[in-house]
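Quick notes on the structure that follows.
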Amino acid sequence: MHNNRSWSRKLFMICNFIFLAFISFLCLMPIIHILAISFSSGQAAAAGKVLLWPVEFTTAAYQNVFGKPEYLRAFWISIQRVIIGTTISMTLTIITAYPLSKDSRQFRLRTFYAWVFVFTILFSGGLIPTYTTIKSLGMIDTMWALVLPGGVAVFNVILLLNFYRSLPKELEESSRIDGAGHFKTLWKIYAPLSLPALATTGLFTMVGHWNSWFDGMLYMNHTENYPLQTFLQTVIVKLDFRFIKAENVELMLKLSDRTSRAAQIFVAAFPILIVYPFLQRFFIKGIVMGSVKE
């Protein structure tokens with residue numbers, strides 16, 4: 001009987017391993033396919049010969065992306081945007097979500113402010129009024145035009161305030177008994193306990209800043225101020241050859257639209273692929289459980 005259980009257990013584990021490996025391969029296959037196309041020649045990619053392995057291996061697409069100072073400058077601007085924008089957005093989100101998580105007895109105008117934030121989800125000022133405001137504030141062609149307009153993400157505020165409401169009230173009461181005010185309670189108690197929620201909203205914010213290209217095209221008058229996505233969209237997607245020098249024409253002739261797009265997609269996704277494994281553990285770790293002993 002014991003041997004039958006042992007064999008059935010082993011058979012289940014083998015089938016389970018094969019099934020999960022197959023599902024994992026299906027998830028990774030699009031990324032591998034994009035990577036293979038980006039390292040293939042333009043002719044092979046255009047002919048549809050590339051599946052999961054590069055054909056006529058070449059790094060021309062990546063030379064086109066990283067081989068010129070214009071790309072490196074745009075890459076650095078995007079890095080700065082992600083760091084500054086995420087820092088500002090997360091700080092504002094934490095400060096905004098904390099008072100909104102209180103009940104009406106502690107914060108009488110909570111419902112009013114909550115509806116103001118919900119209103120901004122449903123309605124916006126529009127493109128022209130927003131641009132006019134940014135211009136009147138003197139933020140055109142500056143980093144602030146990219147990070148300040150979306151500094152408070154209402155969706156992230158709602159996620160975080162709901163997480164705050166799920167925390168035990170005894171934690172705040174104990175902190176207040178020990179003499180801590182709201183500011184100290186927020187940064188010493190709530191913020192450390194909210195790491196899973198902060199990691200989730202932080203990842204959303206980082207991805208949003210990294211992938212955004214339209215605001216760069218809207219608020220930047222000079223191409224040297226373009227973030228990476230705006231620059232790639234201009235040069236590769238729209239094939240605007242004003243930014244391509246004569247010595248790079250031969251390199252562009254080796255590329256096809258598919259290889260250029262594949263390199264763009266992989267370059268855009270690579271930083272997130274690096275960051276995600278470090279944040280994933282916060283998604284599955286409940287650090288609040290067991291924090292209160294009664």
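Please read all numbers here as calculations on a predicted model, not as lab measurements.
The pair Lys169-Asp103 does not meet the salt-bridge criterion, since no charged nitrogen lies less than 4.0 angstrom from a carboxylate oxygen.
Side-chain contact between Leu218 and Trp213 is absent, with no heavy-atom pair separated by less than 4.5 Å. Counting heavy atoms from C-beta on, the side chains of Ser40 and Thr58 never come closer than 4.5 Å. Annotation: side chain of Gln229 is in contact with side chain of Trp210 (closest heavy-atom distance under 4.5 Å). Counting heavy atoms from C-beta on, the side chains of Arg81 and Val147 come closer than 4.5 Å. Using a 4.5 Å cut-off on side-chain heavy atoms (C-beta onward), Met13 and Phe17 make no contact. Taking 4.5 Å as the limit, every side-chain heavy atom of Lys102 sits out of range of all side-chain heavy atoms of Tyr164.
Residues Pro227 and Ile77 approach most closely at CA-CG2, 3.9 Å, considering heavy atoms. Counting all heavy atoms, side chain and backbone alike, Thr130 lies closest to Tyr219 at CG2-OH, 3.3 Å. Residue Leu198 comes nearest to Ala191 through the heavy atom pair CD1-O, 3.5 Å, listed as atom of the first residue, atom of the second, then distance.
Side-chain contact of Asp215 with Ser212: a donor-acceptor pair under 3.5 Å is present, judged by distance alone. Side-chain polar atoms of Thr205 and Thr86 form no donor-acceptor pair below 3.5 angstrom.
When the side-chain contact (heavy atoms from CB on, under 4.5 Å) test is applied to Trp53, no partner is found at least two apart in sequence or on another chain.
For the side chain to side chain contact (heavy atoms under 4.5 Å, CB included) test with Phe117, the passing option among Val154, Val157, Leu161 is Val154; the others fail.
Rounding to the nearest 0.5 Å places CE of Met217 at 11.0 Å from OG1 of Thr223. A distance of 13.0 Å separates CD in Glu170 from OG in Ser175, rounded to the nearest 0.5 Å. In this structure, Trp115 CH2 and Thr120 OG1 are separated by 12.0 Å, a value rounded to the nearest 0.5 Å. From Ile31, atom CD1 reaches atom CD1 of Ile34 across 9.5 Å, with rounding to the nearest 0.5 Å. To the nearest 0.5 Å, the span separating CZ on Arg110 from CD on Gln106 amounts to 10.0 Å. Put simply, CG on Leu186 and OG on Ser101 are 8.5 Å apart, with the number rounded to the nearest 0.5 Å.
Around the OH atom of Tyr113, the shell of radius 6.0 Å holds no more than 12 heavy atoms that belong to other residues, nucleotides or ligands.
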- Query: Given the rule in the ring-ring contact (aromatic ring centres under 6.0 Å, His included) test, do Trp76 and Phe231 qualify, once you have shown the distances and angles that lead to the verdict?
  - Reply: CA-CA 12 Å; Trp76 174 238; Phe231 195 87; over 10 Å; no
- Task: Go through the steps to decide whether Phe123 and Phe119 satisfy the test ring-ring contact (aromatic ring centres under 6.0 Å, His included), and finish with yes or no.
- Result: CA-CA 6 Å; Phe123 305 99; Phe119 183 83; 5.0 Å; yes
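Ring geometry, His182 versus Tyr98: the interplanar angle exceeds 60°, so the pair is classed perpendicular (tilted spans 30 to 60°). Ring pair Phe204/Phe155 is tilted by interplanar angle, where 30° to 60° counts as tilted.
One N or O on the side chain of Thr132 and one on the backbone of Ile128 form a donor-acceptor pair closer than 3.5 Å. A donor-acceptor distance shorter than 3.5 angstrom exists from the side chain of Asp141 to the backbone of Asn221, with no hydrogens or angles considered. Judged by distance alone, the side chain of Thr230 and the main-chain N or O of Tyr226 form no donor-acceptor pair under 3.5 Å. The main-chain N or O of Gly151 is found under 3.5 Å from a side-chain atom of Ser89 such that the two form a donor-acceptor pair.
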